[in-house]
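All values below were derived from every heavy atom in this structure, side-chain atoms included, with hydrogens, water molecules and symmetry-related copies excluded. Numbered from 1 within each chain, the chains take letters A, B, ... in sequence-line order.
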Number of protein chains: 2
Amino acid sequence: MLFKFRPDRPRWVQVAEVIRDRIEAGDYGPGQPIPSEPAMVREFGIARTTARKATAWLREEGLIYTVPSLGSFVHGG
Amino acid sequence: MLFKFRPDRPRWVQVAEVIRDRIEAGDYGPGQPIPSEPAMVREFGIARTTARKATAWLREEGLIYTVPSLGSFVHGG
DNA sequence: AGATATTTGTTCGTATGTATC
DNA sequence: GGATACATACGAACAAATATC
């Protein structure tokens, strides 16, 4: 079942908020990976460019860090 | 420092002129790439659609050619 | 050593909607 | 109405690094 987007805000914002909430809930612990871009594409039914915008926002917020070719990980590990 | 646009002409024209001048000055040699669309977005502080209009104009002028997924390059290499 | 799969980085192509002049 | 300009969002392709088999 794909994520239900609201029409009032951009999709990349809503995806970023879901991931952020999961991080704060402890679903992804410190040093552990968040869903990869292809995983977000599958789970939310979005384009990769949209997944990348969500990831970039989480990175700018300081919640995650990204290692090329490996993935993005929660800070604090 | 972002480019200072004049209000009298379209932005895409002014961007195209800057790139054209650089090509004629030899900043980008034959066969070498001009700034990508994302690079123009960063350098000039414009939208991608505006960068694309500038690139399209340079292409129609015969100054460059574009290879999808790779970039745009100065003619004559 | 070699081949394959995964992931991020980057690019262009296209379309839609909104706003402004 | 038309041209300009922005943001969003889809898709496709290529590249490079990493990990695994």
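Residue A:Phe5 contributes atom CZ, which lies 14 Å from atom P of D:dT8 at whole-angstrom precision. Put simply, OH on B:Tyr65 is 14 Å from P on C:dG13, counting in whole angstrom units. The nearest whole Å value for the distance from the CZ atom in A:Phe44 to the C1' atom in D:dA9 is 16 Å. The interatomic distance linking A:Arg59 (CZ) with C:dT8 (P) rounds to 10 Å, in whole Å. Between the CH2 atom of A:Trp57 and the P atom of D:dA7 there is a distance of 18 Å, rounded to whole Å. Here D:dA5 presents its C1' atom at 13 Å from CD of B:Gln14, a figure rounded to the nearest Å. Between A:Leu70 atom CG and C:dT7 atom P the separation is 10 Å, expressed in whole Å.
Ring pair A:His75/A:Tyr65 is tilted by interplanar angle, where 30° to 60° counts as tilted. Classification of the A:Phe44-A:Phe3 ring pair by plane angle, with boundaries at 30° and 60°, yields perpendicular.
Where B:Ile46 and A:Arg11 each meet DNA chain D at their nearest nucleotide, the meeting point lying more 5' is that of B:Ile46. If B:Ala47 and B:Ser69 are placed on DNA chain D by their nearest nucleotide, the residue sitting closer to the 5' end is B:Ala47.
Contact annotation: the side chain of B:Pro35 approaches that of B:Tyr28 to within less than 4.5 Å [non-hydrogen atoms, C-beta and beyond].
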Chi angles and distances behind the salt bridge (charged side-chain N to carboxylate O under 4.0 Å, His left out) call for A:Arg20, A:Glu61: CA-CA 10 Å; A:Arg20 180 204 58 191; A:Glu61 289 290 307; over 6 Å; no
In sequence, state the C-alpha distance, the side-chain angles, and the governing distance for B:Arg11 and B:Thr50, and then conclude on side-chain hydrogen bond (donor to acceptor under 3.5 Å, both in side chains). CA-CA 7 Å; B:Arg11 293 187 167 197; B:Thr50 306; over 6 Å; no
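A salt bridge links A:Arg22 with A:Glu43: at least one charged nitrogen is closer than 4.0 Å to a carboxylate oxygen.
Summarising the local packing, CZ of B:Arg9 is surrounded by more than 12 heavy atoms from other residues, nucleotides or ligands at distances under 6.0 Å.
For the contact set between residues 32-40 of chain B and DNA chain C, defined by any heavy atom under 4.0 Å, the members are B:Ser36, B:Glu37, B:Pro38.
When heavy atoms are screened at a 4.0 angstrom cut-off, B:Thr55 is found touching no nucleic acid atom at all.
Cluster membership check: B:Val41 does not share its hydrophobic cluster with B:Val18, using side-chain heavy-atom separations under 4.5 Å among Ile, Leu, Val, Met, Phe, Trp and Tyr.
Not a single side-chain hydrogen bond (donor to acceptor under 3.5 Å, both in side chains) links B:Ser69 to another residue, sequence neighbours left out.
Residue A:Lys53 places no side-chain N or O under 4.0 Å from the OP1 or OP2 atom of D:dA9. Phosphate proximity of D:dT8 to A:Thr50: absent, as no side-chain N or O sits under 4.0 Å from OP1 or OP2.
The side chain of A:Trp12 has D:dT8 as its nearest neighbour among D:dA5, D:dT8, C:dG13.
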Protein heavy-atom contacts under 4.0 Å, written 5' to 3' over nucleotides 14-21 of chain C as B (base), S (sugar-phosphate only) or - (none), form the string B-------
